[in-house]
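These figures come from a predicted structure and were not determined experimentally.
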Amino acid sequence: MLKTLDIENIAVIEKASVEFSEGLNVLTGETGAGKSIVVDSINAILGERTSKELVRHNCDNAFVSAYFEDISKKAVDKLNELGFDSCDDTVLLSRKITSNGKSVCKINGKSATVSMLKEIGSVLVNIHGQHDSQALLNPDYQYEYIDMMMRDNSILNDYKNAFRDFITIRRRLKHLTSNEIDKDRELELLNYQIKELEDADIKVGERDMLNSRKALISKSESISNLLSSSLNALVGDDENDGIQSVINSSFNQMIGYDELKDITEVYSLINDNLESAKDKINSLLLNLDFSPEELEQIEERLDLLYKLGNKYGSTEEEMLAFLDDAREKRDAIKYSDEELEKLNEQYDIAFEKAVNLAGRLSDYRKETAREFEQRVKAELEYLDMPRLEFVVDFNKGNLSQNGYDKIEFLISTNAGEPPKPLSKIASGGELSRIMLAIKNILSKNDSVGTLIFDEIDTGVSGRASQKIGLKLKSVSKNTQVICVTHSAQIASNANEHFLIQKEVVNDRTYTSVAPLDFESRKRELARIMGGLEITDTLLKSAEELLLS
């Protein structure tokens, strides 16, 4: 329920804080005092469209916040869905509206969008004005009232699950059949891509290896000359002895002299190292046996990898991944005919199941609608509309997530006249009472914690107003009700009564919202009943209303 509403700089309200209670809360005040501004403020916090005109004159921005307690599980689930936590089943909504029309919204202190406010607001509060019951007037939504009254929701849930499965299969089937035209063309392209990549026989790391080999070949002549020169220096040639020969000669001459043992050991070690160097040089010279043809082959291979890289991925891994993906797509197309046949079978089964459940749902709705009609008539008879005929009309439409029923509420306000759509012939007063009757019937089933009725008494006589007040009181036993009214009979039934009044101070208009005690309520009810002059008789009548 709505516990606290704080308003700052909204139209003529500079600052107001309203503490609502459980049960029936009424707002009264003279015409033009600002009752509609309170409702506008609540609309703003519920994400409805606002304008900069709502901001008080000469103020930079306006602010509204609403604190809700004991919110429903549906509201908690909606908060979680939107990414907000609910602490102890409470929620705080706030909205700042700047003078240029922009909004800053928050839910539980975290930034939010206007659309998020609207989503959470829709499961927290229902606002009903004289001509504002769109769900009641719109045939596209009237089935919801019947569904809310159903005692067993399993049929509805079974149907929704079956329809969801049917739509999933239909979507997959549509995707397959829509691709049928392009299937041959896509298969031809995939086969070409797969063949090109398979023929290339790409190996991971191949490009780096080829570039290293290419660099080595490019330096091969210089390396070969250096190695040959080093080998000549080691082993010598026909004209000169090599280093190894000179060392061996000196070593041989020193053998036998114990005094030169340390030197010969060094010479022996040098000779071993020179022998190792000679072996390494010979090995490298053998590997440097390059041919121009090999370099050309390397260049061609690198060029191929470059071209394939431009088409299928810059690295070998990306190209091979493209190949795997292409193979999967080709297999999917090859087996799509089998899948198409299987999906067609699943489609027929899912469609038949959804249609059968839609039929069961329709039967159950019609059964529920008969009871709904009788209860609405009984409620309306109590509200001084005894001759009103109320009918729930069923027609069969296309299968949708809500079944195939096209439901419309029809009424006849005159005996002998055929029932016609509610939206076309109900007056403001009649619509208000019909709406109240339905809300009274569904109040125990409605998960919305707060109902707001804006001037529900418009066009209604005093006797009917008293009955409307009693019905509002009845509804408020299950759901918090906030009612803006001009009726003393309705106001007298309130658990909490607020007076909205305005005054002019220093040429500025200020509106206040204040709770009334018993004596203040008497004077306010007397004012509503009598106008400008409050007499003892009016005060006595007001007291009788409050005590009745």
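With ring centers used as reference points, Phe409 lies under 6.0 Å from Phe372.
Glu341 CD: 12 or fewer foreign heavy atoms inside a 6.0 Å radius. Within 6.0 Å of NZ in Lys329 there are 12 or fewer heavy atoms belonging to other residues, nucleotides or ligands. Shown here is Lys420, whose NZ atom has no more than 12 heavy atoms of other residues, nucleotides or ligands within 6.0 Å.
The pair Glu503-Arg508 does not meet the salt-bridge criterion, since no charged nitrogen lies less than 4.0 angstrom from a carboxylate oxygen. Salt bridge Asp536/Lys540: absent, no basic N to carboxylate O contact under 4.0 Å. Ion pairing of Asp405 with Lys396 is absent here, as no side-chain N (NZ or NE/NH1/NH2) approaches a carboxylate O to less than 4.0 Å. Salt bridge annotation for Lys73-Asp77: present, with a cationic side-chain nitrogen under 4.0 angstrom from a carboxylate oxygen.
A donor-acceptor distance shorter than 3.5 angstrom exists from the side chain of Gln480 to the backbone of Ser21, with no hydrogens or angles considered. With hydrogens and angles ignored, the 3.5 Å screen pairs no side-chain donor or acceptor of Asn153 with any backbone N or O of Leu156. Between the side chain of Lys522 and the backbone N or O of Leu539, no donor-acceptor pair lies under 3.5 Å. The backbone N or O of Val392 sits less than 3.5 Å from a side-chain atom of Arg370, completing a donor-acceptor pair. At least one donor-acceptor pair closer than 3.5 Å links the side chain of Lys35 to the backbone N or O of Gly29.
By the salt bridge (charged side-chain N to carboxylate O under 4.0 Å, His left out) test, Asp165 is found to be paired with no residue, residues two or more places apart in sequence or in another chain being considered. The side-chain hydrogen bond (donor to acceptor under 3.5 Å, both in side chains) test applied to Ser122 returns no partner, not counting sequence neighbours. For Glu53, there are no salt bridge (charged side-chain N to carboxylate O under 4.0 Å, His left out) partners, not counting sequence neighbours.
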* Verify side-chain contact (heavy atoms from CB on, under 4.5 Å) between Tyr404 and Asn398, making sure each step is shown before the conclusion. => CA-CA 5 Å; Tyr404 57 55; Asn398 296 325; over 6 Å; no

* Applying side-chain contact (heavy atoms from CB on, under 4.5 Å), run through Tyr510 and Arg56 and close with a yes or a no. => CA-CA 10 Å; Tyr510 296 86; Arg56 185 172 170 83; 3.4 Å; yes

* Hey, mind stepping through Val39 and Ser36 against side-chain contact (heavy atoms from CB on, under 4.5 Å) and telling me if it holds? -> CA-CA 5 Å; Val39 177; Ser36 62; 5.5 Å; no

* Might you work through the salt bridge (Lys or Arg N to Asp or Glu O under 4.0 Å) test for Glu524 and Arg521, ending with a clear yes or no? => CA-CA 5 Å; Glu524 174 61 8; Arg521 289 185 70 189; over 6 Å; no

* How far apart are the C-alpha atoms of Val391 and Glu373, what are their side-chain angles, what is the distance that settles it, and do they pass the side-chain contact (heavy atoms from CB on, under 4.5 Å) test? -> CA-CA 6 Å; Val391 177; Glu373 288 174 347; 3.8 Å; yes

* To do: Please step through side-chain hydrogen bond (donor to acceptor under 3.5 Å, both in side chains) for the pair Asp517 and Ser520, ending with a clear verdict.
  => CA-CA 5 Å; Asp517 58 20; Ser520 299; 2.8 Å; yes

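Judged by the 6.0 Å and 45° rule, Lys467 forms a cation-pi pair with Tyr382. Relative to the ring axis of Phe394, Lys366 places its NZ or CZ within 45° and under 6.0 Å from the centre.
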Under 3.5 Å, sequence neighbours excluded: what are the donor-acceptor pairs made by side chains of residues 344-360?
unit_1, atom_1, unit_2, atom_2, d
Asn344, ND2, Leu340, O, 3.1
Asn356, ND2, Glu352, O, 3.2

Only pairs under 3.5 Å count here: list side-chain donor-acceptor contacts from residues 9-19, not counting sequence neighbours, and write none if there are none.
unit_1, atom_1, unit_2, atom_2, d
Asn9, ND2, Asn61, O, 3.4
Ser17, OG, Asp6, OD1, 2.7
Glu19, OE1, Thr4, OG1, 3.3
Glu19, OE2, Thr4, OG1, 3.4

Just list the side-chain donor-acceptor pairs under 3.5 Å for residues 102-116, sequence neighbours left out, or say none.
unit_1, atom_1, unit_2, atom_2, d
Ser103, OG, Arg95, NE, 3.1
Ser103, OG, Arg95, NH2, 3.2
Asn108, OD1, Leu92, N, 2.9
Asn108, ND2, Asp85, O, 2.6
Lys110, NZ, Gly83, O, 3.3
Thr113, OG1, Ser115, OG, 3.0
Thr113, OG1, Met116, N, 3.1

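Taking the side chain as every heavy atom from C-beta outward, Gln374 and Lys377 approach each other to under 4.5 Å. Contact of the Cys483 side chain with the Leu472 side chain is registered, since non-hydrogen atoms from C-beta on lie closer than 4.5 Å. Under the 4.5 Å side-chain criterion, counting only non-hydrogen atoms from C-beta, Met150 is in contact with Leu361. Arg365 is not listed as a side-chain neighbour of Thr368, based on a closest heavy-atom distance of 4.5 Å or more. A 4.5 Å side-chain heavy-atom check between Leu93 and Leu124 finds at least one atom pair inside the cut-off. By the 4.5 Å heavy-atom criterion applied to side chains, Ile411 and Ile434 are counted as neighbours. The side-chain heavy atoms of Leu79 and Ile71, taken from C-beta on, include a pair separated by under 4.5 Å. In this structure the side chain of Leu451 reaches within 4.5 angstrom of the side chain of Lys439, judged on heavy atoms.
Separating the CD1 atom in Ile452 from the CG atom in Asn126 is a distance of 9.0 Å, to the nearest 0.5 Å. The distance from the OH atom of Tyr141 to the CD atom of Glu144 is 7.5 Å, given to the nearest 0.5 Å. Interatomic distance, CD1 of Ile120 versus NZ of Lys78, reported as 7.5 Å (0.5 Å rounding). With rounding to the nearest 0.5 Å, the separation of CG in Leu5 from CD1 in Ile42 is 5.0 Å. Within the model, atoms CG of Leu546 and OG of Ser541 stand 11.0 Å from one another, a figure rounded to the nearest 0.5 Å. One distance of note links OG1 of Thr485 with CD1 of Ile528; it measures 7.0 Å at 0.5 Å rounding.
His497 and Thr28 form a side-chain donor-acceptor contact under 3.5 Å, judged by distance and modelled atom types alone. Between the side chains of Glu417 and Ser412, no donor N or O sits under 3.5 Å from an acceptor N or O. Side-chain N/O atoms of Thr90 and Glu69 include no donor and acceptor closer than 3.5 Å.
Pro515 and Glu496 get closest at one heavy-atom pair: CB-OE2, 3.8 Å. Between Ile490 and Ser465, the shortest heavy-atom distance links the atoms CG1-O, 3.3 Å. A pairwise comparison of heavy atoms in Ala488 and Met529 identifies CB-CG, 3.6 Å as the closest pair. Scanning all heavy atoms of the two residues, the minimum distance from Glu22 to Asn495 falls at O-CB, 3.9 Å. Of all non-hydrogen atoms in Ala44 and Ile97, the two that sit nearest each other are CB-CD1, 4.3 Å. In terms of heavy atoms, Lys406 sits closest to Gly397 at CD-CA, 3.7 Å.
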